Each structure stands twice: as structure tokens, then as C-alpha cells.
There are 2 protein chains.
Amino acid sequence: MKNKYSDILKKLKLKITPKRIEILSILDRENYFKSPEEIWQLMKKRFKKIGLPTVYRNLEDLAEGGVIFRIIHPDRQLYYYFCNNKDHHHHFVCISCKRVSDVDYCPEKEVINYVSKRIKGKIISHIFQINGICNVCMNIESSLGGTK
Amino acid sequence: MKNKYSDILKKLKLKITPKRIEILSILDRENYFKSPEEIWQLMKKRFKKIGLPTVYRNLEDLAEGGVIFRIIHPDRQLYYYFCNNKDHHHHFVCISCKRVSDVDYCPEKEVINYVSKRIKGKIISHIFQINGICNVCMNIESSLGGTK
DNA sequence: ATACCAAATGAAAATCATTTCTATTTATAA
DNA sequence: TTATAAATAGAAATGATTTTCATTTGGTAT
Ligand SMILES: [Zn+2]
Ligand SMILES: [Zn+2]
Ligand SMILES: [Zn+2]
Ligand SMILES: [Zn+2]
């Protein structure tokens, strides 16, 4: 029980390696989503030997384990976000600064009835992501606009 | 006003070309989402000269015009679905047979208040997709299961 | 502590969906 | 019809992600 990241990895039955700890630490540091490449660049500050595939592999495993979340992005590349919130929830993503905020609301229950009665199907999973401009970026925008 | 696809293209200010008509026709034919590659294979039956980039370009333009919809898939490749429903709505996607069904419900209004009050952000767009098993696939499953 | 083994990693190469480039063709409006 | 911008084919490039395989490492049992 070295730290919270060790615990997380232990729960996922993944070996506790310095690289994995660092990946979690980097993602946990700020409320921004990050690409494998970005994370790799940050990793290189601490490890002289660190391969990009290691970053990809671990991000995939951590996302699979539900410890980090994938962000859906128009450029269709991979982005991840660390989130401590253990309850099922969704995310508000700022398209300007990449900040992510929890949205403690899930629309699944609103459509379970619709899907079962009208489509006569069974829900397996769902994707809900809200994209927008966060308060920080709105304030920047409005302060810029105010000078006109 | 040759047909409904010509009208669609006219509205989008895209030139009415045989390739575009055929792409719309292929996507409109069945309630399945399709990849650019699949559509290209089907196009080759009618056109001896048809390039894959043409299919990609047109699918992109049509999606941009809101005539076809992108499906979010775990393999992260591009898939498209033709949908006549002009009202804002979402989709139920069968992960087994690729069938798509309209879900005339949108969770946006449920979170507008949350986002504006708690996150103090502004919603620009949202993604909501329900993945599951459709009734056709459920029936196939249960008839297979019944033989045990 | 030491040895062992499966898991994790680095480095290089491969993959392959998607995009770009350019010369040619085509749709459309005057 | 003719002019012109848009659309297309074909070939090549791109680049994020994945695979391969030899080496290293973490966890567990001596
Ligand atoms: Zn969260
Ligand atoms: Zn949910
Ligand atoms: Zn629809
Ligand atoms: Zn909606």
C-alpha cells in the first residue's frame, strides 16, 4: 500500500510498475484529457527509457479497468481522462481547454423503457458526452470581447 | 428534381453526381451502418471507375450536411448511417447486426441546467448513442439458446 | 535473500484506415 | 455551347496505433 495508484493497480490485477504509477499520476494531476503522445512526452522527463507502445498499452488496460475514461474527440484520436468518481456518471468536456467536469446524471434510465417497448432491444452500453465551453474559457472569451 | 437524393444534394449545395446519388441510395437501402470500404465495394458494382477517396470525401460532406450520421464504434473507424428523421434525436445501435433505430429522446435538456448552474459552462454539442442487441438478434439468440 | 516465471517493456517495424496531391473529367449556370 | 469551379481517379503519403520479439522486471515461492 505504497500509494493510491498502487491500490488501483492492485485492484485491477496489474503489476505495480513505476511506469504505470507515473501514467496515473500524470492523468490525475490536472482535470484535462490527454493523448498518449502527450503523456509519453511527460513520461520522458522521469524515465530515460520509455516507449510509446508502453503508454498505449497501459492506457488501454487502465481504461479497460474503468480507472480512466476515453474522451470522444472530433479528430478521432485517443484521449484519456482520470476520474475518481466511482458512481456511474458522464462528462462535460471543454472543447477549448480540454478540461473535463463530472456530470452526475445518466440518461440511460430515460430510454430503457423506450428501447425495451418500442425497439424491443436490450441496452448493453451507452455513450453520453457533453461538449462545450467551460467557465474559465467563457471568462477569457468575454474579457476579450469586452475590449471591443 | 430527379429524385429525393437530388433534392437532398441540392439543399446542401452539392453538385448532383451519380456517385453521390448512389452513396445516398446505398445508405438509405437498409437500416444498417456502413463503413466507407463497404460502401465502396457496393459502388464498384455500378461504376467501373470509383475511387475510395471519393467515397470518403462524400461521406464526410454528407455527414457535415446532417444528412447522414456518424456511428461511434469501438474499433474507432468511420461508420455512417442514413436517417430521414429531421428532428433532433439519437440512435440505438445493435452491436450484433449493425442495425440502427431512432430514439426520439434527447438528454440535453436534462443537463442544460446542471451545466449552466454547477459547471457554469455552455453546451456546444453532445453525443448520445445507445448500444445493444436489437429484437431480431435477441430472437436469434433465444432460439439458439433454446436448443440446449 | 534467491530463484523462478509470467507479465511488462523497449525498439523497431508493420499496419492500415484515412488523407493528400495532381491531372483529368464533369455538373451547372450564363 | 462554353466557361468555370467542383468533383473525381489513381497513386502516393500520412501518421496514429499495433505488432513482434528479445530483454527486463515485479510478485511469489522457496
Ligand atoms: Zn468523471
Ligand atoms: Zn450513463
Ligand atoms: Zn435517426
Ligand atoms: Zn440530443
Side-chain angles (χ1 to χ4, degrees), chain A residues 1-3 5-24 26 33-65 67-68 70-80, chain B residues 1-3 5-24 26 33-65 67-68 70-80:
Chain A
M1 203 239 290
K2 209 180 292 178
N3 61 42
Y5 304 128
S6 305
D7 290 344
I8 287 169
L9 294 172
K10 198 162 288 178
K11 274 192 195 122
L12 297 183
K13 288 174 189 155
L14 295 171
K15 288 189 177 176
I16 298 160
T17 69
K19 310 283 168 71
R20 282 182 175 142
I21 302 276
E22 180 68 4
I23 287 173
L24 285 171
I26 285 171
F33 66 82
K34 292 187 177 61
S35 69
E37 175 82 25
E38 285 174 90
I39 293 162
W40 183 50
Q41 296 299 340
L42 293 169
M43 301 279 288
K44 288 200 273 192
K45 293 178 179 175
R46 311 260 162 126
F47 303 96
K48 63 166 71 72
K49 286 190 145 206
I50 171 68
L52 188 49
T54 298
V55 178
Y56 271 90
R57 279 184 296 243
N58 283 317
L59 288 170
E60 178 59 26
D61 293 343
L62 293 169
E64 205 57 37
V67 168
I68 64 178
R70 293 189 191 87
I71 298 295
I72 293 168
H73 196 281
D75 72 10
R76 297 188 353 273
Q77 289 177 204
L78 289 167
Y79 294 97
Y80 296 93
Chain B
M1 202 239 290
K2 210 180 292 177
N3 60 43
Y5 304 129
S6 306
D7 290 345
I8 288 169
L9 293 172
K10 199 162 288 178
K11 272 192 197 124
L12 298 183
K13 290 175 188 153
L14 295 172
K15 287 189 179 176
I16 297 161
T17 68
K19 309 283 169 69
R20 283 184 175 143
I21 301 277
E22 179 68 5
I23 287 173
L24 285 171
I26 284 170
F33 65 82
K34 292 187 177 63
S35 68
E37 175 83 25
E38 285 175 272
I39 293 160
W40 183 50
Q41 295 300 339
L42 293 169
M43 301 279 287
K44 287 200 274 191
K45 292 179 180 174
R46 311 260 162 125
F47 302 96
K48 62 166 70 73
K49 287 189 143 205
I50 169 69
L52 188 49
T54 298
V55 177
Y56 271 91
R57 278 185 298 245
N58 283 317
L59 288 170
E60 179 60 24
D61 293 342
L62 293 169
E64 205 57 38
V67 169
I68 64 178
R70 293 191 191 83
I71 297 296
I72 293 167
H73 196 280
D75 72 10
R76 296 188 352 271
Q77 290 176 204
L78 290 167
Y79 294 98
Y80 296 92

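Each chain gets a letter, A, B and so on, in the order the sequences are listed, and its residues count up from 1. Being a predicted model, the structure only gives us computed values, none of them experimental.
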Toward the 5' end of DNA chain D, which comes first, A:E37 or B:D61, by nearest nucleotide? B:D61

Should the ring pair B:H73 and B:F33 be called parallel, tilted or perpendicular, given that the plane angle runs from 0 to 90° and is split at 30 and 60? perpendicular

Starting at the 5' end of DNA chain D and moving along, which residue's nearest nucleotide shows up first, A:S35 or B:G51? B:G51

What is the separation between atom NZ on A:K10 and atom P on D:dG26, rounded to the nearest whole Å? 14 Å

To the nearest Å, how far apart are A:I21 CD1 and D:dG26 P? 11 Å

B:W40 CH2 - C:dC16 C1' separation (whole Å): 13 Å

Of A:D61, A:L12, A:I8, the one forming a side chain to side chain contact (heavy atoms under 4.5 Å, CB included) with A:R20 is A:D61

Between C:dT9, D:dA11, D:dT8, which nucleotide gets closest to the side-chain atoms of B:R20? D:dT8

B:T17 side-chain N/O to D:dA7 phosphate OP1/OP2 under 4.0 Å: no

When we call it a touch if two heavy atoms are under 4.0 Å apart, what does B:R57 touch: a base, just sugar-phosphate, or nothing? base

Nearest nucleotide by nearest heavy atom, which residue falls closer to the 5' end of DNA chain C, B:P36 or A:K19? A:K19

Proximity to the side chain of A:I50 - top-ranked nucleotide from C:dA27, D:dA9, C:dG10: C:dG10

Tell me: CG of A:L78 to C1' of C:dA17, nearest whole Å? 14 Å

Residue B:Y56, side-chain atoms from C-beta onward, closest of D:dT8, C:dA12, C:dT19: C:dT19

A:L52 CG - D:dA16 C1' separation (whole Å): 9 Å

Between D:dG15 atom P and A:R76 atom CZ, what is the distance in whole Å? 14 Å

Is it the case that over 12 heavy atoms from other parts of the model lie below 6.0 angstrom from the NZ atom of A:K44? yes

Of the candidate nucleotides D:dT17, C:dA8, C:dG10, which contains the atom at the shortest distance from the side chain of A:K15? C:dA8

Between P on C:dA17 and CD on B:E38, what's the gap in Å once rounded to a whole number? 12 Å

Value in whole Å for how far the P atom of C:dA8 lies from CD of A:E60: 14 Å

Could you tell me whether a side-chain N or O of A:W40 sits under 3.5 Å from a main-chain N or O of A:I50, the two making a donor and an acceptor? yes

Quick check on A:E64: does its CD atom have over 12 non-hydrogen neighbours (other residues, nucleotides or ligands) under 6.0 Å away? no

